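The figures that follow rest on heavy atoms only: side chains count, while hydrogens, waters and symmetry mates do not. If you read the sequence from its start, that first residue is 1, and numbering goes on from there. All values reported here derive from a predicted model rather than from experimental measurement.
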Amino acid sequence: MLVHLNGEGRSVNDEATFKLYFPGHWVYEKGSIPMHNISKNQNKIILNDASPFSLKAYTVHGKDIGIDFKPHDILLVKLDENGNRIWDQYEFASIININHETNQIEIKRGQYGSEPRDFSHNNTYIAPIAGDIWAGNLMYYYNLSSSCPKDKNGQSAADVFVDEMKDWFGKGGVLEKINGIGFDVNYFEVKHSTWDCDNDGIIDNGYKKGKNIWREGDIQFLQKIRNTFGPEFIITADGWNDNMQKAVGILNGMETEGLCRWNDGYRQISRTINQHTYWNLHNSTKYKFSYITSKLRNPEDQKIATQLRRMGLGLSSCLGVSYSPSPNLVIPEILGGRLNQPNWLGQPLGPMKYILDGQEDMLKGKGLTMDYKLVEKFDLKEKVTFTENKQLIIKGSSENQREAMTIPGPELKVASGDLLILFEAKDIDGLADIENGSLVPRKINIKIEGLPEYPIEPMRGHLLYNNLAGFMGVNGYTPLMFYFRNVSGSDLKIILEVEEQGAFAIRNLQIFNSPCLISREFENGLVVVNPSFESINIDLNQVVSKELNYKKLDTSLENKKDLKIKDNTSVKVSALDALFLLKT
């Protein structure tokens, strides 16, 4: 049992919040200075520049309150002679109106327990507060960077947050019997382009003097939770976005919110597989616990919700992670249909596999040896490269180590159908600002130039078929898959996009013009997942490890048809679905 806890922001509707957190604990955006003295009774202020302030600053999520956006809250704070903020001489206010032509703002004074006060124009800074609105509650973002100001007790926002957790989860606390935390959101990178994390009045997006102070601070925050509660405490976080939590070795695992993401039931299945594969292989926590939820928000996905949720359950089984159905949601395969038996599949007998029998590698095995003629098809100019032990090693040459690498790869000609790209990747140099030997993964994404335009879908779903995410680390090779549907085109080009400039290696590269089929064999059954757009007939004798007899699950009391599969021959696996079979 985990508490679903917001790991990035705090509701400011609660007065007690401002007794625990002081103004320096929140994230601010670039602000401005007043052009005149401000009296405590004054509600209109002319600024040097009103452009950073907005009447549509906070997006309203999760609850319809009749509007889509709300204006900025702001902080008025006194500055010392060096321009540093004097955090105990401040006032919170809310913007009522803005005249960008005259740079005038109209504000509501003395908010959140603060008192209106006089400010001098020559030592005052006025900054917008970073936030958003969820379920009707305005949330300010915790400053989790390593540059977060300390309060009078010498505590950062992270310190105060963890102390609260001690009260909640400690002996006698209201959450004492709970097993841990499922962070609803906790970003590993700054997700907004307007943040000033070190409070110097300049937008920095979490970087200070070239160092990622947000990532550094967030790791310290999560490590503090782990140190406080020990190895028995479960900590997970959202993982549906590539830049979300990557603290492998600190957290127990990841939540995939929906099979791929909250608005995607199948399109980016590659990222789901690659992320959980990495965490399963390399996480060093005492308990590994990751899970996929049954959420489906895309209206097109909801039309086929039953089969997509069955596919989610099937993929969870193949990956070896948990599946979390919504309350009152009936998925008969969870209990084996009429078997009505939890954990009916039993233990896995082997790893997850891709069913590729009879499919021809488009590279004709050259990627397995890293043949020099294949390597020449990669555009490796301005890269340091060499091949060794059947692996291709690549290192960027940019002076900016944090700059991403773009590596054009081989061109392909595909008449029709899908494309399945498989290889193994290993990070060699690791990420900048991350200690040597860290388990934090580095992204290695693939996109294809020349794909046809996909039909427009709700919630921008059509944009999710390309630029698929993978993850690699320094602790050894990780198998990756990248699945592209309906790729027909005569001039397709594979593009690798790699996080940062450090050296990495790939090996065992294979490309198949084939739909993707995934299987895993268990003590009592077999699971086959079909994330393609077409139904596929398979011969079980080419899938299972030895001759066994299977039958289909009886998932309904009214289901009287023959469930046996004759001689394990042709069995249909429906498109965007999963098939659960029972050993007989």
Side-chain angles (χ1 to χ4, degrees), residues 1 179 234 236 252-256 259 269 272-273 276-277 279-281 283 285-294 306-325 329-357 479 481 516-531 536 538-557 559 561-574 577-584:
M1 184 70 72
N179 302 105
I234 303 299
T236 67
N252 299 86
M254 298 303 298
E255 175 196 71
T256 300
L259 178 55
I269 198 168
T272 302
I273 292 172
H276 286 296
T277 297
W279 280 78
N280 287 346
L281 281 175
N283 195 7
T285 53
K286 182 175 181 180
Y287 302 110
K288 296 181 181 181
F289 179 63
S290 293
Y291 53 100
I292 295 172
T293 75
S294 62
T306 298
Q307 67 190 65
L308 287 179
R309 289 182 169 124
R310 185 164 47 239
M311 186 169 75
L313 176 65
L315 185 62
S316 298
S317 303
C318 290
L319 286 169
V321 303
S322 294
Y323 189 71
S324 177
L329 181 65
V330 177
I331 305 177
E333 288 78 8
I334 288 180
L335 298 176
R338 291 182 65 185
L339 289 175
N340 196 30
Q341 180 180 329
N343 307 314
W344 65 273
L345 279 168
Q347 294 297 316
L349 297 181
M352 181 180 80
K353 296 179 180 179
Y354 297 103
I355 302 175
L356 293 166
D357 297 89
M481 69 85 75
C516 178
L517 275 178
I518 304 163
S519 71
R520 194 169 192 183
E521 188 179 0
F522 295 83
E523 290 174 317
N524 304 318
L526 178 73
V527 179
V528 183
V529 178
N530 179 12
I536 299 174
I538 61 171
D539 186 339
L540 292 184
N541 293 314
Q542 297 177 344
V543 177
V544 294
S545 56
K546 54 186 176 181
E547 290 188 9
L548 296 164
N549 292 317
Y550 288 89
K551 68 177 182 179
K552 298 176 183 178
L553 282 182
D554 188 349
T555 57
S556 169
L557 293 175
N559 190 350
K561 65 182 180 181
D562 187 7
L563 301 171
K564 293 182 179 179
I565 302 171
K566 187 176 181 180
D567 299 326
N568 279 351
T569 52
S570 182
V571 180
K572 185 175 81 170
V573 188
S574 299
D577 208 337
L579 180 65
F580 290 77
L581 300 177
L582 180 66
K583 287 182 181 177
T584 60

Review point. In Å and rounded to the nearest 0.5 Å, what is the OG1 to CG distance from Thr272 to Leu315?
Key: 7.0 Å
Exercise for review: For side chain to side chain contact (heavy atoms under 4.5 Å, CB included), just list the numbers for Lys288 and Trp279, CA-CA rounded to whole Å, side-chain angles, deciding distance to a tenth of an Å, and then say yes or no.
Suggested key: CA-CA 8 Å; Lys288 296 181 181 181; Trp279 280 78; over 6 Å; no
Exercise for review: Indicate yes or no for a side-chain donor-acceptor contact from Trp344 to the backbone of Gly525 under 3.5 Å, with no hydrogens or angles considered.
Suggested key: no
Review point. So, do Tyr550 and Leu540 sit near enough that their side-chain heavy atoms are less than 4.5 Å apart?
Key: yes
Practice item. Return the set of residues passing side-chain hydrogen bond (donor to acceptor under 3.5 Å, both in side chains) with Ser324 (not counting sequence neighbours), or none when no residue passes. Key: none
Check your understanding: Listed by chain and number, what are the salt bridge (charged side-chain N to carboxylate O under 4.0 Å, His left out) partners of Lys286, not counting sequence neighbours?
Key -> Glu232
Exercise for review: Might you work through the side chain to side chain contact (heavy atoms under 4.5 Å, CB included) test for Ile331 and Tyr323, ending with a clear yes or no?
Suggested key: CA-CA 11 Å; Ile331 305 177; Tyr323 189 71; 3.6 Å; yes
Practice item. Show your reasoning for whether side chain to side chain contact (heavy atoms under 4.5 Å, CB included) applies to Ile273 and Ile518. Key: CA-CA 11 Å; Ile273 292 172; Ile518 304 163; 3.7 Å; yes
Check your understanding: Between the side chain of Lys583 and the main-chain N/O of Glu523, is any donor-acceptor distance below 3.5 Å?
Key -> yes
Revision key, fill the gap. Across all chains, not counting sequence neighbours, the side-chain hydrogen bond (donor to acceptor under 3.5 Å, both in side chains) partners of Asn280 are none
Practice item. Would you list the pairs meeting side-chain hydrogen bond (donor to acceptor under 3.5 Å, both in side chains) in which at least one residue belongs to residues 310-319, sequence neighbours left out? Key: Arg310-Asp577
Point to revise | Test side-chain hydrogen bond (donor to acceptor under 3.5 Å, both in side chains) applied to Asn524 - qualifying residues, sequence neighbours left out | key: none
Review point. Between Ser322 and Phe289, which heavy-atom pair has the shortest distance, and what is it?
Key: OG-CE1, 3.4 Å
Point to revise | Check: Ser290 side chain, Met254 main-chain N or O, donor-acceptor pair, under 3.5 Å | key: yes
Exercise for review: Check for a donor-acceptor pair, side chain of Arg338 on one end and backbone N or O of Asp554 on the other, with a separation under 3.5 Å.
Suggested key: no
Review point. Can you name the closest pair of heavy atoms from Cys516 and Pro531 and give their distance?
Key: O-CD, 3.1 Å
Practice item. For the residue pair Pro325 and Thr293, establish whether any side-chain heavy-atom pair is separated by less than 4.5 Å. Key: no
Review point. Got a second to check how far Met311's CE is from Leu579's CG, nearest 0.5 Å?
Key: 13.5 Å
**Study point:** Pair Leu582-Thr584, side chain to side chain contact (heavy atoms under 4.5 Å, CB included): steps then yes or no
**Key:** CA-CA 6 Å; Leu582 180 66; Thr584 60; 5.5 Å; no
Point to revise | Spatial distance of atom OG (Ser519) from atom CG (Asn530) [nearest 0.5 Å] | key: 12.0 Å
Check your understanding: Going by heavy atoms in the side chains, are Leu581 and Leu553 under 4.5 Å from each other?
Key -> no
Point to revise | From CG (Asn252) to CG (Asn179), nearest 0.5 Å | key: 10.5 Å
Check your understanding: Does some side-chain heavy atom of Phe580 sit less than 4.5 Å from a side-chain heavy atom of Thr555?
Key -> no
Check your understanding: Judged by atom type as modelled, is there a donor-acceptor pair below 3.5 Å linking the side chain of Thr236 to the main-chain atoms of Glu255?
Key -> no
Point to revise | Partner residues of Thr285 under the side-chain hydrogen bond (donor to acceptor under 3.5 Å, both in side chains) criterion, sequence neighbours left out | key: Asn283
Check your understanding: How about His276 and Ile292: do any of their side-chain heavy atoms sit closer than 4.5 Å?
Key -> yes
Point to revise | Flag side-chain contact, heavy atom, 4.5 Å: Val321 against Tyr291 | key: no
Exercise for review: Evaluate the side-chain proximity of Tyr354 to Met481: yes if any heavy-atom separation is below 4.5 Å, no if none is.
Suggested key: yes
Review point. Say you draw a straight line from CG of Leu345 to CG of Leu526; how long is it, rounded to the nearest 0.5 Å?
Key: 9.0 Å
**Study point:** Side-chain heavy atoms of Ile536 within contact of Leu517, under 4.5 Å
**Key:** yes
**Study point:** Spacing of CD belonging to Gln542 relative to CD1 belonging to Ile355, to within rounding of 0.5 Å
**Key:** 9.5 Å
